[in-house]
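Okay, so here's the structure we're looking at.
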Amino acid sequence: MEIGELVLDGFRADPERVSAAFESELTRLVRLHGVPLAADGSLALDALSGLPPLPAGLSARRLGQELARAVHEGLSGHGEVGR
């Protein structure tokens, strides 16, 4: 799986730490649950929106984890997908 860009507005966390936590948590979730929208093969999305809001003020690690969970939920069929 490759994610080209994540855009976060309104957060003051170290982007490298957020990215590391995001990657670790998303990898864990995909290993455990797969990517349901890609069950029939490859999946290419232009955008994933309509995800639940994340609370401001989270630590970089927690923000990365919560963001990964939100993205995995979107890849599981929740939210709006742009292809």
Side-chain angles (χ1 to χ4, degrees):
M1 178 183 323
E2 178 181 328
I3 297 178
E5 180 179 36
L6 293 173
V7 178
L8 300 174
D9 290 324
F11 294 94
R12 297 176 192 248
D14 178 358
E16 290 180 17
R17 292 182 66 207
V18 172
S19 180
F22 172 82
E23 185 176 331
S24 176
E25 181 65 4
L26 188 57
T27 298
R28 185 186 76 78
L29 291 169
V30 169
R31 281 189 183 137
L32 283 174
H33 306 291
V35 180
L37 289 180
D40 62 349
S42 66
L43 173 68
L45 305 174
D46 289 330
L48 186 60
S49 60
L51 300 176
L54 297 173
L58 295 175
S59 70
R61 183 183 64 78
R62 188 77 172 137
L63 177 58
Q65 290 171 335
E66 291 300 323
L67 180 60
R69 290 176 188 143
V71 168
H72 189 265
E73 280 291 308
L75 295 173
S76 296
H78 307 285
E80 299 173 26
V81 175
R83 294 181 188 218

Indicate the atoms forming the closest heavy-atom contact of Ala60 with Asp14, along with that distance. CB-O, 4.0 Å
Please find the pair of heavy atoms, one from Leu26 and one from Ala68, that lie closest to each other, and give the distance. N-CB, 3.6 Å
Would you say the side chain of Val71 lies within less than 4.5 Å of the side chain of Phe22, judging by non-hydrogen atoms?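 In short, these two side chains touch, coming nearer than 4.5 Å.
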Any donor-acceptor N/O pair, His72 side chain to Gly34 backbone, under 3.5 Å: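 At least one qualifying donor-acceptor pair exists.
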Backbone N/O of Ala20 and side chain of Ser24: donor-acceptor pair under 3.5 Å: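 Checked: no pair found.
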For Arg17, does the CZ atom sit with more than 12 other heavy atoms under 6.0 Å from it, leaving out its own atoms? no
Does one side chain, of Gln65 or Arg69, offer a donor that lies under 3.5 Å from an acceptor on the other?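 Short answer, no.
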What is the distance from atom CD of Glu25 to atom CG of Leu29, rounded to the nearest 0.5 Å?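 One gets 4.5 Å once the value is rounded to the nearest 0.5 Å.
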Could you tell me whether Arg62 and Glu66 have a side-chain N and a carboxylate O separated by less than 4.0 Å? yes
